[in-house]
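To keep things clear, I will list the structure first and then write my remarks on it.
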There are 2 protein chains.
Amino acid sequence: MISKPTDSELEILQILWEFGAMTVRELNDKLNKERKVGYTTSLKMMQIMTEKGLLSRDTGERSHVYSPLLQSEEVQFTMLEHILKTVFKGNRSNLVLQALGNQDASPEEISEIKSLIKKLEEK
Amino acid sequence: MISKPTDSELEILQILWEFGAMTVRELNDKLNKERKVGYTTSLKMMQIMTEKGLLSRDTGERSHVYSPLLQSEEVQFTMLEHILKTVFKGNRSNLVLQALGNQDASPEEISEIKSLIKKLEEK
DNA sequence: TTGCAAATACGAAAGGCTTCGTATATATTT
DNA sequence: AAATATATACGAAGCCTTTCGTATTTGCAA
């Protein structure tokens, strides 16, 4: 069973998914473009995430290099299934409707979604 | 700004959304059909949720009656927007695709969603 | 080789969540 | 009225998350 990362952990995972494996220094720099975070805070987070099995690290060099152990799609799936149960009582269509409808989904987004559905049907 | 309830809080909100306002005793009974929870645990949770503005309570009778202050749709919206940002980098179509595709969305569900989209377009 | 810079390790504080025990108040029953 | 049952109030423990300070190690440069 795949764990549900915290928001702070997701912040870190997002960066690793986008840019690939990197050192604490590199990740902390990227994080600091969003908000102020101390270096040792990032370090500690990544160490804990490694313990938890969210990241792996290569200690070959002095500066360890961290990689995500989960793919973004796996976490997306886990998170969606979780709120599907906890806030949508398992009603998948309702979730999609809410995702589509109750706000500013542009016509472009909607048509993109329609074509995705078409592809899905062809399988 | 609407808060993001915890999983335990959602458990309680789900029950209140489904069955309407009720006392701690009633809610605790329903909760205990799912898992073992002490009465004072439910009580404390509901008191805290009241402080937070998630519930209101009527103290007219000896047994206070609690009601949800947020509608289920509001929370659904908040939760979805949150994971849209944190795990989908704002890509709404991707979220919908994941909700639809990477699993057992039945043909019935898909066609239901298509008709929902049609309605959405007509607005 | 001594000193400075940069990295990791570690501990711990602060705050939030969940759980429950105990105390107290209020009804109900005998 | 006394005993029992049922409610709320309150405090606190245990755990997790986030943050950072300090200590230690490692590499590089003067």
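To find a chain, count down the sequence lines: A is the first, B the second, and so on, and within it residues start at 1.
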Answer yes if [X] and [Y] sit in the same cluster of Ile, Leu, Val, Met, Phe, Trp and Tyr residues linked by side chain heavy atoms under 4.5 Å apart, and no otherwise.
X	Y	value
B:Leu55	B:Val65	no
B:Met22	B:Leu69	no
B:Ile15	A:Leu84	yes
A:Ile12	A:Ile48	no
A:Trp17	A:Leu27	yes

Contact boundaries on DNA chain C for chain B, cut-off under 4.0 Å to non-hydrogen atoms: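 Reading along DNA chain C, I get C:dC17 to C:dA27.
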[X] [atom1] to [N] [atom2], straight-line distance once rounded to whole Å:
X	N	atom1	atom2	value
A:Ile12	D:dT17	CD1	C1'	12 Å
B:Glu26	D:dT6	CD	P	14 Å
A:His64	D:dT25	NE2	C1'	11 Å
A:Leu43	D:dC20	CG	C1'	11 Å
A:Lys44	D:dT17	NZ	C1'	11 Å
B:Met46	D:dA9	CE	P	12 Å
B:Glu51	D:dG11	CD	C1'	13 Å
A:Met49	D:dT19	CE	C1'	16 Å

B:Arg92 and B:Glu81: CA distance, side-chain angles, deciding distance, salt bridge (Lys or Arg N to Asp or Glu O under 4.0 Å) verdict: CA-CA 9 Å; B:Arg92 193 177 298 268; B:Glu81 292 299 307; 3.4 Å; yes
Contact under 4.0 Å: B:Gln47 side-chain N or O vs D:dT8 OP1/OP2: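 Result: no.
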Toward the 5' end of DNA chain C, by each residue's nearest nucleotide, A:Val24 or B:Ser8: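 Result of the comparison: A:Val24.
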Test item: B:Thr6 and B:Glu9 side chains (from C-beta on) under 4.5 Å apart, heavy atoms: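 Side-chain contact under 4.5 Å: yes.
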CA sep, side-chain torsions, deciding dist, call: A:Val75, A:Gln71, side-chain contact (heavy atoms from CB on, under 4.5 Å): CA-CA 7 Å; A:Val75 174; A:Gln71 290 181 292; over 6 Å; no
Nucleic acid contacts of residues 33-41 of chain B, taken as heavy-atom distances under 4.0 Å to DNA chain D: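 By residue number: B:Tyr39, B:Thr40.
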Stretch residues 53-63 of chain B: residues that reach within less than 4.0 Å of DNA chain D through a heavy atom: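 The stretch gives B:Arg57, B:Arg62, B:Ser63 as the residues lying under 4.0 Å from the strand, ordered by number.
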Salt bridge present between B:Lys30 and B:Glu18 (N-O < 4.0 angstrom):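 No.
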Under-4.0 Å salt bridge between A:Glu11 and B:Lys85: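 No salt bridge links A:Glu11 with B:Lys85.
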Worked check of side-chain contact (heavy atoms from CB on, under 4.5 Å) between B:Lys114 and A:Lys114: CA-CA 8 Å; B:Lys114 278 171 69 181; A:Lys114 279 171 69 181; over 6 Å; no
